[in-house]
Structure formats: C-alpha cells, structure tokens
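Working notes, beginning with the structure itself.
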Amino acid sequence: MIDFEPIDRHFAALMQRLGADADVALAALLVSRAARQGDICLDLAAWAGTPLPEQNCATPSLDAWRKAVQSSPVVGSDNDYTPMVLDAKSRLYLRRYYDYEQCLAAAIRNLSARRQSVDWDKARRTLSALFPTESETIDYQALAAIAALATGFTVVTGGPGTGKTTTVAKILALILDQDHQARIALAAPTGKAADRLQASVRQAAARLACGDAVKAAMPAEAFTIHRLLGPLPDSPYFRHHALNPLPYDVVVVDEASMVDLALMAKLVDAVPQGARLILLGDRDQLASVQAGYVLGDLCDTGVEHAYSAAFAALVRDVAGYDIQGGGPAGFVDSIIELRTNYRFAPDSGIGRLSRQVNTGECSMIEAHDLPDLGFTPLPAAPLLKRHLKELIIQGYAPYLTATDPAERLERLNGFRVLCALKEGPYGVGALNALAEDVLESSGLIKPMGRQYHGRPVLITRNDSRLRLFNGDVGIILRTGDGLKAFFPGPEGRPRMFSPGRLPEHVTVFAMTVHKSQGSEFGHVLMVLPERDTPVLTRELVYTGITRARTRLDLWAEPNVLKTAVTRRIRRTSGLRDALWGS
C-alpha cells in the first residue's frame, strides 16, 4: 500500500491550480511523498506504469509521463522559477531540494579540487612522529591525514572503533604545526555528538606526540551544526552563509551520516574560500532522519575506487606507502576509509557480525561459542517480561545502586535496550513500561508520579538556553532539595536542573536504534519486531549491533532478521551522479 498524507494531496491540488494536468499532478503527489520518506527526488522511470489503487489509476508510461511533465508550466530546469524541476535522467525534484543538491555538489567539487599550501618537509617530520610504524602495512589514518593536509575537502569514514576522532586530532595537529594561528571549529549534528567529539579530541590531543604550542592551539569546544551556523529566529535560514562565511580555517563535522541534504548544503555554503572541511562518519550507518543519504552518496557506498596516480605518488613521497592508484586526480582522493578496528578483537563476535551484516549476511548468529554475542529467537509477547527480567535487573541495577550522580550517569551507559520501532509489543513504549515494572517489582525504583528517583530520561527537543539537546540522556535523582535532573557536563562534572525546566523528554530504559546513533553502551539488548516492516534495513541492524562495546544480545525472529539484512536503504537522489559522474 502506498500511503499519502494530506500535505501530499494539498501539494498536488496546488500544482493543478497552477496549470498541471492529471499526469503531472500525479507526479507532484508522488514527489511530495518521496520527500517525506527521505528521497531527494522522484525517479519517473522507476515509477512509470505503477498501479496506484489509492488513486484508482496507474502512472503513465515513461515517455508519455516525461513529455507531460516537461511541457507543464509548473516544471522547469535550472534557472526557471518553477515549483518542480526535471533533470536529464527523468528525476523530478521539488525546487528547493534540486537547488540544495546542485549547490552542495558544486561546493564539494570546488573544495576537493582546492590544493592547500603545505610545507611537506615539515609535514613529513610531524607525520613520522604522529604515525610511527615499523610495518609496511598501510596506515589509513596517515593517508587520511595526508589527504586532509593537501586538499580542501576530506571524508574520513569507518566503523566504530576505527579511530576517526583520534585521526582527526592528528590531522589538526598537522595543520596547527603548519600554522599555529589556524582557526578550527568542531561540530556535530546533535548536542550529544558534539560533547562526545569535544571530549574525544581533547583526550586524543593530550596523548599526541607533538609540541605544547600545538596542543594549546587545539579547539576547546564543539558546537552543534545549528549553533555553529547561527539560526535566525523563526526562520529556516542561518546567520552564516556564502556572503557571511564562518570565521574558521578548518571545519570538522563528526557523525556526518546523520546530516541531511538541506543542512549539509547550508553548512558547506558557509565554509569560507581557502578553508578545509573534514567530515567524519560511518557510511554504513543509518541515513539522516530528514531527506537525503549524503554521506553514503559522498562515499559512493557499495563501490570501490582506486586513488589517483597523483595522490598515490604524494603518499609514496610523504609516507613511503605504495597504494593502488591509476586514475585521474579528483574527488576520489578526498574519501579515506579506515580499515583497522581497535575496539573489537579479530575474534570478537560483535565485530564479525557487524562485518557480516554489511555484506548482507547473518549466518553466524547461530554460533554458541562467542562470549560477547548472544542470539535468542523472539519470545512471544506475553512471555517477554519473564525472559527480560534477569537482563533488565543485571543491566540497570549498577546505576540504580550507585550513590554519586557522576557514577550513576557513567553506569547508565553500561546497558541499553534498543528497539526498531516506537510502538507495538516489541517497541520502545512497551519495553520502557516493562522495564519499569520489573525494576519496581525488584525494589530498585518506586515510580510514584511522572518523575521519580532513578528515572532515566531522553531529551527529545532542543533547548539552546539550557544547552540540552535532542538525544541527551540524564537521570532524575532525589537530593536534599527534592528531585533534580542530572546530565553529563564538562570534565565529568554533572549539570543539575529542576525537572520542571527540562525540555520535552521521555523515559529511556529502551530507545530506538535511530536515537542511539552516536552513542555507545557496554551491553546492548536489541529487540526486533515479530513481523517484517520497511524500517528494518541492513543499516538499522548494523547501527544497533555497533552500539555495543562488550556484549550484544539480539532477540529476533530468524526470518525477520535475514530479510532485514538483505534490505538496504535506498534514497533516490542525483548527488552521487553529480559527484562521481555515473
């Protein structure tokens, strides 16, 4: 069944009032729906000849549809002022998404083509200190550093534990060694991710083999992307843009997989001429909640490319590595994938399963000799409490029995239940209620009223005044002054708030895999629903698996899991074509 919302129907009706015929109005209906579901555009070829029972019709053939759309007054090309745009590959866009895509592609091509001025003799010395090695094995962290030093645009991608933030700390040390006055901004899509980036860079910088002047020049604060750009009140626009660019020489963005097309376009538009933009992220993770699959498109996920001959020669000259290279210089040299995982041992079940899922497989879930990985067929809903009880108590008792707020917050990250869905017997709502019931029956909590001592909470709405952001997790605790909310703060010192001042929030014994992005937990219990649903994709399963550091328990129906890992996120856009020329 194809679902249409009132906004889709209103948009189609508006296009008809502006002169669209029935076939073009049908395209407008579908392109509005596509944007809601995360696509940047509608591929007419993929939808041509499709029955639409909800509309009591079918879409036209591609030739007829394309002719109708091309001749419509509501559809134009690059420089027309029309609500929709049709490109040469029969992709129909809402105008603003077309503009975002074109501007982003052009800006990234310009950034990646820009060659930075580098003292390579000095860089060689610094590189050898930061990346000491006695092995001939290629150090891809060093490759990322060379790429970021040489050009204006770099993507450092890799799974959890591959050292992305350690790598960027070394990249910043190299840049600052060239210029101590370089102005650097650290940013991430959420407040939680920004705090993690700030802490990770600070910790990594303290261990670097570099001079005190370089360490002192390291950035001390990370921002959300919105805060970095400066949102204008009651507006989708920002204070910083091409005509008022950011006052930085280097902009680093972590968790880039979470950034949608519109925000990435606005960010790149605000990067000043001559500056460097460095994106960090896992290309195999879930795509952004809003429209676009920007990091996946940037990395041309699923395709392997050889580096250019020019970049291979530079790497050989600067670091002594022989890498595959034979193509022309260009965008390919901006994408560096980190290959070595420092979190998971080679025999780790979590690591092996994550790699297998990325290939579309999950056969190893039947293994029973892996200490960090367990698989359980999904219990029937009425039996769920009985099966969950021991895991819930073992997982949450450590933070509930601690006495210090900082220790409680740290221990809370020792365990988390992750769900694919919000609703249903295996969704977040049901499992949060079940966890509360188990912990109350065990005497670990006393949920009297909405707020209670020990309640873990997840912020769901940004509050820039309090510096609490969507995705932040805290705990309600009883103090001498009554109930207070504690959230992680700088230097490990929790920040305290009155619960009544908190922005919108929910209980978080269980959370969706989407909300868990950018987080890590010692032990994860991931629960998939009893039936297949479109939200179950390879990327969702992979993201849930890789939230676990030391132990993963996966509860799922085998057939549901196998179907999920064969389904990839498919978001229609032209960004990949614009960058890679395919």
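Heavy-atom basis, side chains included; hydrogens, waters and symmetry copies ignored.
Residues P160 and D282 meet the side-chain proximity criterion, which asks for heavy atoms closer than 4.5 Å. In this structure the side chain of H240 reaches within 4.5 angstrom of the side chain of P247, judged on heavy atoms. Side chains of L186 and V168 form no contact here, defined as non-hydrogen atoms less than 4.5 Å apart. Looking only at side-chain heavy atoms (C-beta outward), S32 and L94 stay at 4.5 Å or farther from each other. Using a 4.5 Å heavy-atom threshold, the side chains of M218 and L208 count as touching. Looking only at side-chain heavy atoms (C-beta outward), F487 and F497 come within less than 4.5 Å of each other. Side-chain contact between Q141 and L338: present, with at least one pair of heavy atoms (C-beta onward) separated by less than 4.5 Å. At a threshold of 4.5 Å between non-hydrogen side-chain atoms, the residues C419 and V513 do not count as touching.
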request  = Go through L388 and V438 one step at a time and tell me if the side-chain contact (heavy atoms from CB on, under 4.5 Å) criterion holds.
outcome  = CA-CA 9 Å; L388 270 175; V438 167; 5.7 Å; no
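Between the side chain of R571 and the backbone N or O of G292, at least one donor-acceptor pair lies under 3.5 Å. For the pair S257 (side chain) and R283 (backbone), a donor-acceptor distance under 3.5 Å is absent. Side-chain N or O atoms of Q198 include one that pairs as donor or acceptor with a backbone N or O of A222 at under 3.5 Å. When atom types are taken as modelled, the side chain of D260 and the backbone of A291 share no donor-acceptor pair closer than 3.5 angstrom. Remark: the backbone N or O of A242 is paired with a side-chain donor or acceptor of D269 at under 3.5 angstrom. Remark: side-chain polar atoms of N432 are paired, donor with acceptor, to backbone N or O of T507 under 3.5 angstrom. K484 places no side-chain N or O within donor-acceptor distance of the main-chain N or O of L477, the cut-off being under 3.5 Å. Put simply, the side chain of R114 never gets that close to the backbone of F153: no donor and acceptor are under 3.5 Å apart.
The environment of Q116 atom CD is dense: over 12 non-hydrogen atoms of other residues, nucleotides or ligands sit within 6.0 angstrom. A 6.0 Å sphere centred on NZ of K422 holds no more than 12 heavy atoms belonging to other residues, nucleotides or ligands.
The pair K164-D254 does not count as a salt bridge, with every side-chain nitrogen at least 4.0 angstrom from each carboxylate oxygen. In summary, R227 and E221 engage in a salt bridge, as defined by a charged side-chain N under 4.0 Å from a carboxylate O. E539 and R568 are joined by a salt bridge, as a carboxylate oxygen and a charged side-chain nitrogen come within less than 4.0 angstrom of each other.
With sequence neighbours left out, F509 forms a ring-ring contact (aromatic ring centres under 6.0 Å, His included) with Y396. Annotation: side chain to side chain contact (heavy atoms under 4.5 Å, CB included) contacts of P529 (sequence neighbours excluded): A420, L421, T533, L536. Residues forming a side chain to side chain donor-acceptor pair (under 3.5 Å) with T154 (at least two apart in sequence, or on another chain): none. When the side chain to side chain donor-acceptor pair (under 3.5 Å) test is applied to N358, the partners found at least two apart in sequence or on another chain are D284. Applying the side chain to side chain donor-acceptor pair (under 3.5 Å) criterion to T572, with sequence neighbours excluded, gives no partner residue. Considering only residues two or more places apart in sequence or on other chains, H226 meets the ring-ring contact (aromatic ring centres under 6.0 Å, His included) condition with F238. For P503, the side chain to side chain contact (heavy atoms under 4.5 Å, CB included) partners are I459, D463, L466, L468, not counting sequence neighbours. With sequence neighbours left out, the ring-ring contact (aromatic ring centres under 6.0 Å, His included) criterion links Y98 to Y93. Residues satisfying the side chain to side chain donor-acceptor pair (under 3.5 Å) criterion with R411, sequence neighbours excluded, are E407.
With rounding to the nearest 0.5 angstrom, the CD1 atom of I336 is 11.5 Å from the CD1 atom of I278. The distance from the CG atom of L279 to the CD atom of E255 is 12.0 Å, given to the nearest 0.5 Å. Separation of atoms NE2 (H453) and CG (L400) is listed at 7.5 Å; rounding is to 0.5 Å.
Pairs passing the side-chain hydrogen bond (donor to acceptor under 3.5 Å, both in side chains) check and including a residue from residues 176-186, sequence neighbours excluded, read T126-D177, R183-D249. Residues in residues 434-444 take part in these side-chain hydrogen bond (donor to acceptor under 3.5 Å, both in side chains) pairs, two or more places apart or across chains: K385-D437, E436-Y452. Sorted by first and then second residue, the side-chain hydrogen bond (donor to acceptor under 3.5 Å, both in side chains) pairs with a member in residues 508-523 read K192-S519, R196-E520, R343-E520, N470-K515, H523-D553; sequence neighbours excluded.
Ring planes of Y248 and F223: tilted class, angle from 30 to 60°.
A donor atom on one side chain and an acceptor atom on the other are not found under 3.5 Å apart for R207 and Q203.
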